[in-house]
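Can you read through this structure? Questions will come right after.
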Amino acid sequence: MNSPRERILARLKAAPKSAAPLRPDWTPPAYDAAARKAKFKAMLEASHADVHEVTAADWPERLKSILANKGVGSMVYAPATDAGQRLAQSWGEGGPALVAYDRPVEEFKEVLVSRADAGFTTTRGGIAHTGSLVLWPTSDEPRLMSLLPPIHVALVEESALTDSLAETIRVQGWANGMPTNAVLVSGPSKTADIEQTLAYGVHGPKELIVLLIGSESP
Amino acid sequence: MVADAHKMEFGAKAHVALNDPKLRANFRRAMDGLMTKRAAQFADTGEWTSLRARGAAIRANALAKLPELLEQLEANCLRNGIHVHWAETTAEANAIVLGILEAAGARTVIKGKSMVTEEMHLNAHLEKNGITPVESDLGEYIIQLAGEAPSHIVMPCIHKNKGEIAELFHDKIEGQPYTENVDELTAAARKALRGAFAGADAGISGVNFAVAETGTLVLIENEGNGRLSTTLPPLHIAVTGIEKVLEKLDDVPPLLSLLPRSATGQPITTYVNMISSPRKDGEKDGPKAVHLVLLDNGRSRVHGDTELRDTLRCIRCAACMNHCPVYTRVGGHTYTFTYPGPIGKLLTPQLEGIDCAGDQPHASTLCRACADVCPVQIPIPDLLVRLRTESVRPAAPGAVKGAGSMASSSETMGWKGWTLLYGSPLIYRIGTKMLGWFGNLMPSSAPMLKQWTSVRTKPKFAPKSLHELAREKGFCDE
């Protein structure tokens, strides 16, 4: 028993056994379709996010005008995702410049850290109970675009909303394979470390803009 | 000889804290707010009861299977490409972290909030070896600038008001004007830390839950500094106590519902970060290497006692300290050690030994407020009583490290006399008679009485005992 690992495990295994208790019943909250969407919106808005209801047809146009009104100069996006391609095709002239996050961070750090005004990501769904977005970064859609720029824009499909995290994990089969990094986002970056006074954008985005695509839209 | 007896200074420090009106006001305001917010979250008592029963069972289950789950966690992390290290002591853990950093040629480190690295005094160790650690959680950054330790496990700089922080920023951050505007202070920290994030060679974080089933490290936070520290630098080192493991991913949601609500009254933290591997081929960001350091530092000893094992259920929400009548009046620094408040006075003597921190279990009124709010049902007051008992009893097999070290000969003699008095009816009668006659002549400065009467009025012995009064009323002994 030479290694710390062996000594620690030997001590733990030599300990008297206690029964592993059954997990008593606990039911996470559940909603009907209308309540689910309302709860999702209300919780996100309570966390200081801007939620816009959009359609599958008009979201790029809507986003362009939202950003233009805020004076956003540039937005980082993932060009290889379906949503990224849609964005690039319909963006046209005027509005913020689209900057593709298409290379390793080592070559893109400066843009992310100090130049980009916004970052655009898709989501794998949303959770009504806590007003959370499920981000599931991939090689096409990297991790930092939702975190470094001062504004994070996220696209959510109403049909991908679930009631609770427990349901999300079960329905989407997370235990069968986790990605490098999965993230739940419930609002913009915030802190209350100074006298419990809420302040936004301490390290991550100061604003979170959520585009919620209605399920009945064409 | 009591080892490290200098650390036992709760009483003296408490007196100083109690006479500091600014500190009292800072804690009072903060704790009142936190109690109100938590209460609003758990207004539905039915939901609270079933959720916390589930949370307690999840943690007890993980501790019952701890060695097997740690092996499973290790196997799954390795399969995912995460390096796993084991450390028996904080010195070993420090050496492991330093070794990883040196092998990677890292000179600067950005840190997310981590209590276990506070327990290790990792920052001092890195600085001594030429590596600069920068704390990125705003609260931790503030106390790092001030050269202090955290005074709370969730809100490390809760003991400071904005005036003090304004002054500190004005002094320590170049070009920062004095302002008490919280948004401006926050923006100043963002600006100061952006460069530190971008330039760091490595990121260090703690772990809230480590999921054995999938080899996933769960980190929760509001600021995004935790995500940045674990994503932007090319190397990520996560450090955790061995007790933080959970069996299944399904165990995360109930605990995630209990932790932030108990801690700050939030339904969820802004970010829940689940890390399962380093950057894979084709991925554009994320660290190229991830290391997990598993620290024992006395935890396996705590685990070896099936009663005290409940201590390890703790999910570090700090609700116990927010509701503790002692903590809320004296603040976290009074406890000297890394973990303050009720969970600290339970955990610290077990990790460090009663000979080092044996005064801590006595810093409690046993009012049970901590037990009432604990989301995983740790019977804190009962375990504190066990530690108090062991602190004065001769060490027996299975007793906590340093047991018996607080026994004093005058106290032992006092109890012997008490036993004698109560064991013999004759001596008892004579004794109480004598106390009735002469007890009031005892000066308050008498040994053992002195400390007790320092904050209380000396009791007055009645000329007649209860037995005598009863006999006079016509009751008779059986």
Side-chain angles (χ1 to χ4, degrees), chain A residues 3-5 7-9 11-13 15-26 28 43 47 101 103-105 109 113-114 130 132 139 142-144 147 164-166 169-170 174-175 178-197 199 201-204, chain B residues 30 33 50-51 53-54 57-58 60-61 64-67 86-88 92 138-139 155 157 161-162 165 182-183 185-186 189-190 194 198 213-214 216 222-225 227-228 231 249-250 253-254 256 267-268 270-277 279-280 282-286 296 300 303-304 306:
Chain A
S3 73
R5 176 186 186 277
R7 284 193 294 268
I8 293 168
L9 286 172
R11 275 197 297 275
L12 294 175
K13 285 178 180 172
K17 298 280 173 238
S18 50
L22 293 174
R23 295 162 177 81
D25 282 344
W26 162 76
M43 291 302 288
S47 309
Y101 190 174
R103 67 209 88 158
V105 63
K109 208 185 238 182
V113 170
S114 45
T130 49
S132 308
S139 36
R143 293 157 71 168
L144 287 165
L147 188 57
S164 63
L165 175 61
I169 288 177
R170 200 179 56 245
W174 287 19
M178 289 293 281
T180 303
N181 179 230
V183 186
L184 306 184
V185 175
S186 312
S189 156
K190 68 167 182 257
T191 184
D193 272 340
I194 302 178
E195 272 193 24
Q196 293 78 57
T197 308
V202 53
H203 296 299
Chain B
S50 66
L51 182 59
R54 178 88 171 199
I58 287 170
N61 171 75
K65 303 176 186 166
L66 188 55
W86 301 69
E88 279 193 288
E92 274 176 24
L138 179 59
M155 284 148 293
C157 78
N161 62 30
K162 60 186 169 194
I165 295 164
V182 173
D183 281 325
L185 289 170
T186 305
R190 177 183 173 111
R194 267 281 148 142
E213 179 184 30
T214 53
T216 299
N222 285 314
E223 297 185 1
N225 67 309
R227 285 179 67 198
L228 280 174
T231 312
L249 206 56
D250 281 341
L256 194 56
I268 191 169
T270 303
Y271 300 114
V272 177
N273 193 9
M274 301 186 182
I275 297 164
S276 303
S277 82
R279 188 192 306 193
K280 294 192 183 93
E283 288 179 342
K284 296 180 180 64
D285 54 22
D296 181 343
S300 59
H303 179 266
T306 49

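Bear in mind that the values here come from a model prediction, so they are computed numbers and not experimental data. Here is how names work: the chains are called A, B, and so on, in the same order as the sequence lines, proteins then strands, and each is numbered from 1.
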Can you tell me which of Ala198(B), Pro67(B), Ala64(B), Ala60(B) forms the most heavy-atom pairs within a distance under 4.5 Å of chain A? Pro67(B)

Quick one: are Glu283(B) and Pro142(A) in side-chain contact, heavy atoms under 4.5 Å? no

Answer with side chain, backbone, both or neither: which region of Thr214(B) has an atom nearer than 4.5 Å to a non-hydrogen atom of chain A? side chain

One option among Met155(B), Arg227(B), His303(B) has the most heavy-atom pairs under 4.5 Å with chain A, and it is Arg227(B)

Nearest-0.5 Å distance that lies between atom OG in Ser277(B) and atom CG in Asn181(A): 9.0 Å

If you count heavy-atom pairs under 4.5 Å between each of Leu249(B), Asp285(B), Val182(B), Asn61(B) and chain A, which one has the most? Asp285(B)

Return the set of residues passing side chain to side chain donor-acceptor pair (under 3.5 Å) with Asn225(B) (not counting sequence neighbours), or none when no residue passes. Ser136(B)

Non-hydrogen side-chain atoms of Asn222(B) and Thr191(A) separated by less than 4.5 Å: no

Check whether Ile275(B) gets within reach of chain A through its side chain, its backbone, both or neither, counting any heavy atom under 4.5 Å. both

To the closest 0.5 Å, what do you measure between CG (Asn273(B)) and CG (Leu184(A))? 9.5 Å

For chain B, which candidate among Pro24(A), Pro104(A), Gly204(A), Ala199(A) shows the most heavy-atom pairs at distances under 4.5 Å? Pro24(A)

Report the C-alpha distance between Lys284(B) and Arg103(A) in whole Å, list the side-chain angles of each, state the deciding distance to 0.1 Å, and finish with yes or no for side-chain contact (heavy atoms from CB on, under 4.5 Å). CA-CA 6 Å; Lys284(B) 296 180 180 64; Arg103(A) 67 209 88 158; 5.8 Å; no

So that I can tick it off, tell me whether Arg5(A) and Glu88(B) are bridged by a salt bridge, with the cut-off set at under 4.0 angstrom between side-chain N and carboxylate O. no

Pick whichever of Asp183(B), Thr306(B), Leu228(B), Thr216(B) has the most heavy-atom pairs under 4.5 Å with chain A. Leu228(B)

Is it the backbone or the side chain of Ser132(A) that comes under 4.5 Å from a heavy atom of chain B, or both, or neither? side chain

Whatever's closer than 4.5 Å to a heavy atom in chain A on Thr231(B) counts as both

Residue, of Arg170(A), His203(A), Lys17(A), that accumulates the most heavy atom pairs under 4.5 Å with chain B: His203(A)

Would a 4.5 Å heavy-atom cut-off, applied to side chains only, mark Val272(B) and Val183(A) as touching? no

How close do Pro267(B) and Met43(A) get, heavy atom to heavy atom, and via which atoms? CG-CE, 3.6 Å

With only heavy atoms counted, which part of Ser47(A) is less than 4.5 Å from chain B, the side chain, the backbone, both or neither? neither

Measuring only between side-chain heavy atoms, which start at C-beta, is Ile169(A) closer than 4.5 Å to Pro253(B)? yes

Checked Glu92(B), Lys65(B), Arg194(B), Arg279(B) vs chain A; the most non-hydrogen pairs under 4.5 Å come from Arg194(B)

Side chain from CB out, backbone as N, CA, C, O: work out which of these in Pro28(A) comes under 4.5 Å of a heavy atom of chain B, or both, or neither. neither

Over all atoms of both residues, closest heavy-atom pair of Ala15(A) and Gly304(B): CB-CA, 3.8 Å

Below 4.5 Å from any heavy atom of chain B, which atoms of Lys109(A) appear? Answer side chain, backbone, both or neither. side chain

Rounded to the nearest 0.5 Å, what separates atom CG in Leu147(A) from atom OH in Tyr271(B)? 5.5 Å

So which part of Glu213(B) gets closer than 4.5 Å to some heavy atom of chain A, the side chain, the backbone, both or neither? side chain

So which part of Arg23(A) gets closer than 4.5 Å to some heavy atom of chain B, the side chain, the backbone, both or neither? both

Across all chains, not counting sequence neighbours, the salt bridge (Lys or Arg N to Asp or Glu O under 4.0 Å) partners of Arg190(B) are none

Please flag which part of Leu144(A) lies under 4.5 Å from any non-hydrogen atom of chain B: side chain, backbone, both or neither. both

Between Glu223(B) and Lys190(A), does any NZ, NE, NH1 or NH2 come within less than 4.0 Å of an OD or OE carboxylate oxygen? no

To the nearest 0.5 angstrom, please state how far the CH2 atom of Trp174(A) sits from the CG atom of Asp250(B). 11.0 Å

Taking every heavy-atom pair that is under 4.5 Å apart, which of Pro21(A), Ala20(A), Ala175(A), Ser114(A) has the most such pairs with chain B? Pro21(A)

So which part of Ala192(A) gets closer than 4.5 Å to some heavy atom of chain B, the side chain, the backbone, both or neither? neither

Most heavy-atom pairs under 4.5 Å with chain A, out of Thr186(B), Leu256(B), Leu185(B), Leu66(B), belong to Thr186(B)

Per-residue contact mode, Ala30(B) against chain A (heavy atom under 4.5 angstrom): both

Backbone of Lys162(B) reached by a side-chain donor or acceptor of Glu195(A) within 3.5 Å: yes

